[in-house]
Amino acid sequence: MALSRQGRRLTGPVPNWAGGLGAFILFAYITAFAVHTGSVTKPVDVTYDIGVQGLADVEFTSPDGRLHRTRTATMSTSFAFHRGEKASITATGVGGVLVTCRLRLAGDTVAEFTGQNTACGGRVGDPATYLPPPITGSVNAPAQVGDLMELPRYSGKSSPVTGRLTDHAAGISYARLGGGWGAKDQLSHMYDSTLTLRQESRPERGWFALYGSARMNPELLYRYTGDNRLFQAALAQQDAYTWTYSDHTTYRDIVSQPLTIDHRKAWVITRQETFGPNASTSIRADLRTVVLIDTGLERPAYLFVSMPDPAHDYLPDLNRLISSIRVL
């Protein structure tokens with residue numbers, strides 16, 4: 001059937017300008033689609049890593065923006081993120097133990113941090129947002145099962161013994177030292193909330209060495225199991241006293257060995273911490289010693305000794321304190 005004059009007008013030749021516009025639109029659409037499916041939204045393999053000698057409470061985001069929570073001893077999980085999407089992970093060591101979080105993109109570490117509370121994250125494809133930056137240089141070196149590093153017999157003269165300190169809550173007693181040591185003062189101290197008894201160096205020295213005692217943190221009792229329970233518990237309690245003053249704080253354990261304290265099994269770990277130039281502290285190094293003692297009760301007792309670098313002339317006191325411990 002023949003078309004009417006109006007129908008012929010509607011189906012007649014397409015003007016040149018309209019054909020060109022259509023071709024431009026089609027080209028733009030194809031180009032946009034290629035970009036969209038190419039470099040802009042090509043998925044990137046994002047991996048969250050958690051390392052902890054104990055347990056950590058972990059929160060991390062998935063590409064759909066959901067927040068996931070878990071308690072774990074170790075973790076390595078991967079997602080396919082697109083560029084511009086935010087990836088983040090936070091972790092808290094249970095009982096104050098140290099935990100390391102790590103963010104990896106396509107296998108490369110872009111953010112890393114170690115502490116009792118850690119966080120790593122950034123927007124995929126935007127390096128300026130990756131925080132904290134990866135750890136470089138020296139790495140932390142905690143004691144491992146099987147390591148036997150003996151406690152030195154420090155040379156020099158130790159402080160005089162002026163009596164005994166009895167910690168009924170912990171179930172142990174030990175020497176009260178004179179000389180550069182004074183009674184517990186009224187200054188606020190970061191260990192106040194954990195130690196049930198303590199003695200500090202005299203304030204006029206301008207810095208604080210400290211020793212004290214307590215029972216093991218009940219949140220750490222999950223470490224006090226198995227054949228290596230004394231080592232594991234001492235390491236966990238040591239972690240709880242490791243403070244990361246800056247991203248450049250590093251540590252290594254220089255003593256790890258079993259002891260016999262008043263006919264009871266014990267374990268000693270000494271950790272040497274080094275603080276970088278940006279650390280929010282006036283000291284640059286600290287030796288922290290934990291002696292964990294099986295007193296026969298559910299929660300073992302421990303003696304803690306902190307010796308910042310200006311106090312290293314008092315290191316012989318560490319030997320004297322350990323040899324003086326008695327179980328009540």
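Residue numbers run from 1 in the order of the sequence given. Note that this is a predicted model, so its numbers are computed, not measured.
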> Under the 3.5 angstrom rule, does the side chain of T295 hit a backbone N or O of P300 as a donor-acceptor pair?
Replying inline: no
>> Could you go through S173 and T166, starting from their C-alpha distance and side-chain angles, then the distance that decides it, and tell me whether this counts as side-chain hydrogen bond (donor to acceptor under 3.5 Å, both in side chains)?
In response: CA-CA 4 Å; S173 68; T166 300; 4.7 Å; no
> Which is it for L315 and L287 under the side chain to side chain contact (heavy atoms under 4.5 Å, CB included) test, yes or no, and what are the steps along the way?
Replying inline: CA-CA 9 Å; L315 282 176; L287 287 179; 3.8 Å; yes
> What are the two closest heavy atoms between R299 and P218, and how far apart are they?
Replying inline: NH2-CD, 3.8 Å
> Checking side chain to side chain contact (heavy atoms under 4.5 Å, CB included) for the pair L177/V161: CA distance, chi angles, key distance, verdict?
Replying inline: CA-CA 5 Å; L177 300 179; V161 176; 4.0 Å; yes
> Under 3.5 Å, is there a donor-acceptor pair linking the side chains of N140 and T250?
Replying inline: no
> Do we see a donor-acceptor contact under 3.5 Å between the side chains of Y241 and T194?
Replying inline: yes
>> Could you check whether any side-chain N or O of Q257 sits under 3.5 Å from a backbone N or O of L151, counting only pairs where one atom can act as donor and the other as acceptor?
In response: yes
> side chain to side chain contact (heavy atoms under 4.5 Å, CB included) between I322 and V305: does it pass, once the steps are laid out?
Replying inline: CA-CA 10 Å; I322 292 176; V305 184; over 6 Å; no
> If only atom types and distance count, is the side chain of Q272 paired as donor or acceptor with the main-chain N or O of A285 below 3.5 Å?
Replying inline: no
> Of all residues at least two apart in sequence or in a different chain, which pass the side-chain hydrogen bond (donor to acceptor under 3.5 Å, both in side chains) check with D64?
Replying inline: S62, R66
>> Tell me every residue that passes side chain to side chain contact (heavy atoms under 4.5 Å, CB included) with T90, counting only those two or more places apart in sequence or in another chain.
In response: E59, A119
> Between atom CD1 of I325 and atom CZ of R164, what is the distance when rounded to the nearest 0.5 Å?
Replying inline: 9.0 Å
>> Considering only residues two or more places apart or on different chains, which pairs with a residue in residues 252-269 satisfy salt bridge (charged side-chain N to carboxylate O under 4.0 Å, His left out)?
In response: D253-R271
> Among L98, I269, L220, V99, which residue meets the side-chain contact (heavy atoms from CB on, under 4.5 Å) test with D239?
Replying inline: L98
> How about T162 and W181: does a side-chain donor come under 3.5 Å of a side-chain acceptor?
Replying inline: no
>> Tell me every residue that passes side chain to side chain contact (heavy atoms under 4.5 Å, CB included) with T74, counting only those two or more places apart in sequence or in another chain.
In response: none
>> Rounded to the nearest 0.5 Å, what separates atom CD in Q232 from atom CH2 in W267?
In response: 10.0 Å
> Does D286 reach the main-chain N or O of M307 with its side chain, forming a donor-acceptor pair under 3.5 Å?
Replying inline: yes
> For D167, what residues pass the salt bridge (charged side-chain N to carboxylate O under 4.0 Å, His left out) criterion, not counting sequence neighbours?
Replying inline: none
>> Would the distance check show the side chain of Q116 and the main-chain N or O of A240 forming a donor-acceptor pair, the cut-off being under 3.5 Å?
In response: yes
>> Under a 3.5 Å cutoff, is there a donor and acceptor pairing between the side chains of D317 and S159?
In response: yes
> Counting only N and O atoms by type, is there a donor-acceptor contact under 3.5 Å from the side chain of R102 to the main-chain atoms of T109?
Replying inline: no
> Which residue, T47, V46, D108, V124, forms the side-chain contact (heavy atoms from CB on, under 4.5 Å) with L103?
Replying inline: V46
> Any Lys/Arg nitrogen of R104 or D49 sitting under 4.0 Å from an Asp/Glu carboxylate oxygen of the other?
Replying inline: yes
>> Using only atom types and a distance under 3.5 Å, with no angle test, would you say the side chain of S324 pairs donor to acceptor with the backbone of A175?
In response: yes
> Charged N to carboxylate O under 4.0 angstrom, E85 versus R83?
Replying inline: no
> Where does the angle between the aromatic ring planes of F60 and H68 fall among parallel (under 30°), tilted (30 to 60°) and perpendicular (over 60°)?
Replying inline: parallel
> Donor-acceptor pair, Y222 side chain versus V94 backbone, under 3.5 Å?
Replying inline: yes
>> Nearest 0.5 angstrom please: Q238 CD to S256 OG, how far?
In response: 10.0 Å
> Going from CD1 on I172 to OG on S213, what distance comes out if it is rounded to the nearest 0.5 angstrom?
Replying inline: 4.5 Å
> Distance-only, no hydrogens or angles: does the D147 side chain make a donor-acceptor pair with backbone N or O of Q144 under 3.5 Å?
Replying inline: yes
> Are V52 and V145 co-members of a hydrophobic cluster defined by side-chain heavy atoms under 4.5 Å apart?
Replying inline: yes
> Rounded to the nearest 0.5 Å, what separation is found between the NE2 atom of H168 and the CG atom of L197?
Replying inline: 9.5 Å
> In Å, rounded to the nearest 0.5 Å, how long is the span from CG of L235 to CD of Q237?
Replying inline: 10.5 Å
> V268 and V327: same hydrophobic cluster, using ILVMFWY side-chain contacts below 4.5 Å?
Replying inline: yes
> Quick check, are the ring centers of F304 and Y211 under 6.0 angstrom apart?
Replying inline: no
>> Among residues at least two apart in sequence or on other chains, which ones pass salt bridge (charged side-chain N to carboxylate O under 4.0 Å, His left out) with E219?
In response: none
> Donor-acceptor pair, T61 side chain versus S88 backbone, under 3.5 Å?
Replying inline: yes
> Which is it for L55 and T72 under the side chain to side chain contact (heavy atoms under 4.5 Å, CB included) test, yes or no, and what are the steps along the way?
Replying inline: CA-CA 5 Å; L55 294 175; T72 182; over 6 Å; no
> What about F79 and L67, same hydrophobic cluster or not, with Ile/Leu/Val/Met/Phe/Trp/Tyr joined at side-chain heavy-atom distances under 4.5 Å?
Replying inline: no
